[in-house]
Amino acid sequence: MEKLKRYTVKDAEETYLVPQWAAGFFRVGEDGQLEVTPEGNGGPSASLYEIVSDLRDEGRPLPVLLRFPQILAARVVELNEAFRRAIQKYEYKAEYRGLYPVKVNQRRIVVETIAKAGRPYAHGLEAGSKAELALILAQDLHPEAIIACNGFKDDDFIRLALMGKKLGKNVIITLEKFAELGRVMRIAKELGVEPSIGIRYKLKAKGSGQWEESGGESAKFGLTTPEIIRAVDLLAKAGMLGTIAMLHSHVGSQVTDIRRIKQAVREIAQTYVQLRKLGAPVRYLNLGGGLAVDYDGSKTAFYASANYTLSEYAEDLVYVTKEVCDGHGEPHPILVTESGRAITAYHSVLVLEVVDTIRPPGEEKLEEPPDAHPVVADMFDLARSISAKNYREVYHDAFSNKDTVQNLYDLGLISLRDRALAESLFYQIARKTLKLALELDYPADELEDLQKMLADKLVCNFSLFQSLPDSWAIKQMFPIVPLNRLDERPTREATLVDITCDSDGKFDRFIDLHDVRNTLPVHELRPGERYYLGVFLTGAYQDVLGNSHNLFGRIGEAHVTIDEDGYDIERFVVGEKARRVIEKMGYEDDELAEAVEKLVRSSKKLTPAEKGAFMEQYARELVGYTYLED
Ligand SMILES: *Cc1c(COP(=O)(O)O)cnc(C)c1O
């Protein structure tokens, strides 16, 4: 047999597509450990494996989330610099103003890091609710940074926004529906403040990918063209036309196809021109979100990818807007985008520990008993005879034998021991078939079924519903890579399962350059050695959507910075204790403890020492981590 070539870290980069999706923030190090480079490839680096091992040594339990604020800052800079370059390239006559929509991730470390990194660029924040506006108003932003208020609004929301304006902040209230205009005019008069109004325009153009329906005529938000005309007329009549500061549109998130974006920009830029012609002094043209993250690294219009780069996105927005405005002799507006996903996705890594492997049968050595059932004896013959010449035939025979055995078993005509043998033999034959099929030509779909059937299941200590809700809810894919041994060939194929009692708590779709992979290449686990998997690009949206299914609570998180001297854990936020998660369901932990204590005290079966030990165990559980801890 041909000897396999040595597997190198270059091969690992190919297996796990690291350079394709990492945007320069992660790479495989020479020692086979995955590294983070939060300032890009030239900057300082640290091994994720080392960070996690050190955390474990300190007694921090897994799963853990690693946050890299430097990555957030780097993304803010990259976005603003991309627009600066595009503006220069096309001699665009106005600036770019980014906005971060906090709904994408409202965590304090995230919002504060973005606000700070964005200050030199007057990067602003967008609120979609009163609570979001409340936290935004307290942020230290550049005085010219926009604070946009999107989402449906009641009087209080508008009042808070207008008070922010009165305080001197650049607060713009986006009208999501026509009826909000009357409220804004009334409350502005009450408070004696001139509002800055944004109009959300209902695009005809639709995005592409999962959020296609966020745009288009059936979209939830935005004014139709007749409503825009009514709003303009109403404001003109009140002598308030000058309050229209911004035109806004949002084509949907994760728009995978750049053509859809260009189409939307053309439409909204035309609307800007038309509004100017009606006398509305619109200054800001807000193109919303949609800047996609290339989760699978394929650079295609596939829903987990994007067929364009950040620079191309910025250039197309600038170019199309300029072209439309120049065509009508209107001034170039200040360009605004609300990129959330593209800013936050990269900054956090979920680290899982594999705690067990569930392996389909067929790898154990089998001996044929002299009194084997004839079907079982036939299976032994098949297993012995399989070869490159007959493997498809043999596999199909084995498959039909398996059915026969099941039928015989249901009729009580075959023993459990014989059935077990038949099952093991079937898997043994399937494994040989897969091995031969991989070397030879074989129909791809049958091969896929075999791979799925024969994959190991790695039991990972986490809850998908808490830590990767998007994977469950919208089938979002994330790159997953072992944190070490990347200089060793991964010899097993696996799917991942979590520790919830929910059969949906699994991960069986993995990134690939072509479509989707059903299994992830992993290494044979070594006894006594920990094996960690990193789940990447998890920082957008789902970071704040996790739920407590099975009462698995929020996991611990480390905020990590890297410099030339290595890494530093700036802060460790401990995970939710069982008590907290139980309380959320309406229980009082004191009452629970009391009830259990009463039960224990009245027991005639336990010794006093046992009673003490039980109550101590119960109390410890209430303040413990909700995940497996040994
Ligand atoms: C959610 C949202 C965004 C963020 O979109 P991304 O695709 O994450 O950048 C921007 N604008 C509006 C109005 C939104 O609702």
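For ligands, and for the atoms within them, numbers begin at 1 and follow the listed sequence. Throughout, numbering of the chain's residues begins at 1 and tracks the sequence.
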Contact table ligand 1 N or O to protein N or O, d under 3.5 Å:
unit_1: ligand 1; atom_1: 5 (O); unit_2: Y541; atom_2: OH; d: 3.4
unit_1: ligand 1; atom_1: 7 (O); unit_2: S253; atom_2: OG; d: 2.6
unit_1: ligand 1; atom_1: 7 (O); unit_2: G290; atom_2: N; d: 2.8
unit_1: ligand 1; atom_1: 8 (O); unit_2: S253; atom_2: OG; d: 3.4
unit_1: ligand 1; atom_1: 8 (O); unit_2: R341; atom_2: N; d: 2.9
unit_1: ligand 1; atom_1: 8 (O); unit_2: Y541; atom_2: OH; d: 2.6
unit_1: ligand 1; atom_1: 9 (O); unit_2: E338; atom_2: O; d: 3.3
unit_1: ligand 1; atom_1: 9 (O); unit_2: G340; atom_2: N; d: 2.7
unit_1: ligand 1; atom_1: 11 (N); unit_2: E338; atom_2: OE1; d: 2.5
unit_1: ligand 1; atom_1: 15 (O); unit_2: K103; atom_2: NZ; d: 2.6

Using residues 34-44 as the side-chain source, report each donor-acceptor pair under 3.5 Å to any protein atom, sequence neighbours left out, with the distance given to one decimal.
unit_1: E35; atom_1: OE1; unit_2: R27; atom_2: NE; d: 2.8
unit_1: E35; atom_1: OE1; unit_2: R27; atom_2: NH2; d: 3.2
unit_1: T37; atom_1: OG1; unit_2: G24; atom_2: O; d: 2.8
unit_1: T37; atom_1: OG1; unit_2: F25; atom_2: O; d: 3.3
unit_1: E39; atom_1: OE2; unit_2: Q70; atom_2: NE2; d: 3.0
unit_1: N41; atom_1: OD1; unit_2: R27; atom_2: NH1; d: 3.4

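N80 pairs by the side-chain contact (heavy atoms from CB on, under 4.5 Å) definition with V76, Y96, Y121, H123, not counting sequence neighbours. Among residues two or more places apart in sequence or in another chain, the salt bridge (charged side-chain N to carboxylate O under 4.0 Å, His left out) test is passed with R341 by none.
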### Query
Could you walk me through whether H347 and F68 pass the ring-ring contact (aromatic ring centres under 6.0 Å, His included) check?
CA-CA 5 Å; H347 90 281; F68 299 100; 8.6 Å; no

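For F465 and W472, the ring centers sit closer than 6.0 Å to each other. Checked against the 6.0 Å centroid threshold, F478 and F510 do not count as a close aromatic pair.
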